[in-house]
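Computed from a predicted structure; not experimentally measured. For ligands, and for the atoms within them, numbers begin at 1 and follow the listed sequence.
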Amino acid sequence: MAVPLVAIILAAGDSTRMNSKIPKVLLPVAGQPMIDYALQNAEALKPSKIFTVVGAKSNEVMDHLEKRALPILQTQRLGTGHAVQQVLPRLKSFKGNVLILHADACLIRPQTILALRQFHLLQNSAATLLTARVESPFGYGRILRGKEGEVERIVEETHATPEERHINEINGGVYFFKATVLAQALKDLKPAKGQREFYLTDIIPLVLNQGGKVHALMVPDRTEVLGINNRNQLAQAHRLLNFRRVEEHQRDGVTFLNPKTVEVGAHVVIGRDTVIEGNVQLLGETVIGEDGRIESGCHIQSSKLGRGVVVKASRIVESQLGDHCDVGPFAHVRSGSVLDKKVHVGTNAELKNATIAAGSKVGHFSYVGDAKLGKDVNVGAGCVFANYDGKNKHECQVGDKAFLGSNSTLVAPVKIGAKTVIGAGSVVTKDVPAGVTVVGVPGRIFKNKK
Ligand code: UD1
Ligand code: CA
C-alpha cells in the first residue's frame, strides 16, 4: 500500500541577494517562473497536498500558485526550520511522509525525487536527504559523516570550521521525513548558534536522538543541486536547463551546430533532421517540422513551422508557416500570420496578421499587415500595405497571381483582383478588378488586358 505523502515547498526567503522587485521565486528561469520547477517536481509524486511557505511579497506568489498549492504564510523570515514549523499545525494527525523542497532549486529532476522516495521507503528511514559532491561547495550546507559513513549532521557555511569547509559533499535541500519524527524534531529545534534563524538542517541530530534512521542519497549529476541565490546562479541555471533540453532534442534526432548558445523552451517540439544553428531562441509552444533549418540569430516564439522550413536570422511570433517556406534574413513575422506552403518572405520584410496562400513571394523591405493574399502573388521590393488610417486598422485582399511592382502602396481597405499588375511606385486607393494593370498616384487602370 502506498504511504501517504504531503509536500512542502519553501518559498518565503527574502532573497536580498537577488536585488529584485519581483519575488525571487517568480523570477523566470529558462522560460518559466522559478517556483514552477518545484511545483512540477512535487506534483510528479502525486502528494495528497502541496503546501508552499510564502513570505516576501506573498500576495504575488499566492496569486501565481492558484490551486496548485496551499499557501502558508511565514510572517517573519526566521529560517528554513521555522518555515517548516509554520506547516506543522496542518500536519497534526498526518502519519505519512513529508517531502520538502526549496523553491530555488530548479534543476532537480523529478526522477531524482522519485529515486529519493524509493530509497527513503526501502531504508525505512526517518529522514532522507539528497546530497551531491560538488566542485565548489561554498555557500551550501556540508554533510558531516561518522566513522561508518553515516550522516551525523549538516553544517552551514557560516558555522563551518576551516576543515569542514573543505568537505565537498553538500546538502541539496531535498528531504523526505516521517511526519511524526519531523514534527517532534521541529518542536525541539533551537535557533542556530548566535543567530535568530532556525535551520532545518539542524534537525538531523534531533532525528537521530529520537532513534530515527537518517540516510543520504548522492545524486550523480551535481548540477541538479544548484541553488539559485544570485543573478549569476540564475544565469547558470538558465544555461544548464537549456542545455538539458537541447540534449533531449539531440536524442530525438535534431542537429544543433552550437548548442551552448541556443535557448529552447520547455514545450518546444522539433522534427527529426532539422538543423538549429547557433544563437537561436525557440520559445513558447513552438513546433518545428522535420528537415528544417533555423539559421543563426532566429527568435521563434509560439509558432508552428511545417516540414523543410528555412528561417534565416529572423523573428517569428505567434504565426504559422507551411511546409517549405523560406524566411529572411532579417524578416519579422508578427502575430497572426498564417503562411501556406512554399511562401517566400525576403530580407527585411515584415508581416503582421497576414494570411498568404501557397507559392506567394513577399520581397525585400515590404510590409504586409492585415492582409489576405492569394496563391502565387508577388509583392515587390518596398511594397507597403498602409493598413492604419491613424484611427483604425483596415484589411487588404490580393487575388491569385497578382503582381505588385516595387514600392507600390495599397491604402487599406482595398481589394486587388487576380492576375492584376500594379506598376512600380503606384499608390492604390480603390478596389481594382482582376486582370488589369494599374499605374500612378493615385493608381489608375492603364489598359485592360481583355
Ligand atoms: C539552504 C540549506 C543548505 C543547502 C542549500 C541548498 C538551510 C539552513 N540551509 O541554504 O544546507 O545546502 O539550501 O540549496 O536550510 N526559506 C523560507 N523561509 C525562510 C528562509 C528560507 O521559506 O525563513 C526558503 C527560501 O525561499 C528558499 C529555501 O527556503 O527557497 C532555502 O533558503 P535559502 O535562504 O536559499 O537557503 P540557503 O542559504 O541556500
Ligand atoms: Ca538557496
query = Does some non-hydrogen atom of the protein lie less than 4.0 angstrom from atom 26 (O) of ligand 1?
reply = yes
inquiry  = Please check whether Gly79 reaches ligand 1 - meaning an N/O of the residue sits under 3.5 Å from an N/O of the ligand, judged on distance alone.
reply    = yes
ask   = Taking only heavy atoms of Ala103, which atoms of ligand 1 are found under 4.0 Å from at least one of them?
value = 30 (O)
query = What distance do Ile228 atom CD1 and Met18 atom CE have between them, rounded to the nearest 0.5 Å?
reply = 6.5 Å
inquiry  = Please report whether ligand 1 has a polar contact with Leu10, defined as an N or O pair separated by less than 3.5 Å (distance criterion only).
reply    = yes
ask   = Is a side-chain donor or acceptor of Ser314 paired with a backbone partner of His332 at a separation under 3.5 angstrom?
value = no
ask   = Looking only at N/O atoms, are Asn171 and ligand 1 under 3.5 Å apart anywhere?
value = yes
inquiry  = Students should be able to answer this: which protein heavy-atom is nearest to atom 35 (O) of ligand 1, and at what distance?
reply    = Asp104 OD2, 3.1 Å
query = Has ligand 1 got any nitrogen or oxygen that is less than 3.5 angstrom from a nitrogen or oxygen of Ile170?
reply = no
Sub-3.5 Å N/O-N/O distance, Gly13 and ligand 1 = yes
task = In plain terms, say whether Asp323 and Arg307 are close enough for a salt bridge, that is, a side-chain N and a carboxylate O under 4.0 Å apart.
result = no
note = Of all N, O or S atoms in Asp104, the one closest to the Ca ion (ligand 2) is OD2
query = Pick from Glu152, Glu157, Glu163: which one makes a salt bridge (Lys or Arg N to Asp or Glu O under 4.0 Å) with Arg142?
reply = Glu157
message = Please check whether Glu156 reaches ligand 1 - meaning an N/O of the residue sits under 3.5 Å from an N/O of the ligand, judged on distance alone.
response = yes
query = So, are Lys304 and Glu285 salt-bridged, with charged N and O less than 4.0 Å apart?
reply = no
message = Side chains of Gln123 and Thr128 only: does a donor on one sit below 3.5 Å from an acceptor on the other?
response = no
Subset of ligand 1 atoms that lie under 4.0 Å from at least one heavy atom of Tyr199 = 8 (C)
key: Among Glu164, Glu169, Glu150, salt bridge (Lys or Arg N to Asp or Glu O under 4.0 Å) partner for Arg145   = Glu169
Identity and separation of the nearest protein heavy atom to atom 34 (O) of ligand 1 = Arg77 NH2, 3.4 Å
ask   = Taking atom CG of Leu78 and atom CZ of Arg196, what is their separation to the nearest 0.5 Å?
value = 5.0 Å
inquiry  = Please list the nearest protein heavy atom to atom 28 (C) of ligand 1 with its residue and the distance rounded to 0.1 Å.
reply    = His102 CG, 3.7 Å
ask   = Parallel, tilted or perpendicular: which describes the rings of His102 and Tyr175, with under 30° parallel and over 60° perpendicular?
value = tilted
query = Do any heavy atoms of Gly55 fall under 4.0 Å from ligand 1?
reply = no
query = Protein heavy-atom contact under 4.0 Å for atom 37 (P) of ligand 1?
reply = no
inquiry  = Pairing donors with acceptors under 3.5 angstrom, does anything connect the side chains of Asn348 and His364?
reply    = no
task = Among all protein heavy atoms, pick the one closest to atom 7 (C) of ligand 1 and tell me residue, atom and distance.
result = Thr80 OG1, 3.4 Å
Side-chain donor-acceptor pair present, Gln281, His299, cut-off under 3.5 Å = yes
ask   = How are the rings of His249 and Phe256 set relative to one another: parallel (under 30°), tilted (30 to 60°) or perpendicular (over 60°)?
value = tilted
query = Tell me, which protein residue and heavy-atom name are nearest atom 39 (O) of ligand 1, and how many Å apart are they?
reply = Asn229 OD1, 3.6 Å
query = Ala12 to ligand 1: N or O pair under 3.5 Å?
reply = yes
inquiry  = With respect to Gln74, determine whether any N or O atom, backbone or side chain, lies less than 3.5 Å from an N or O atom of ligand 1.
reply    = yes
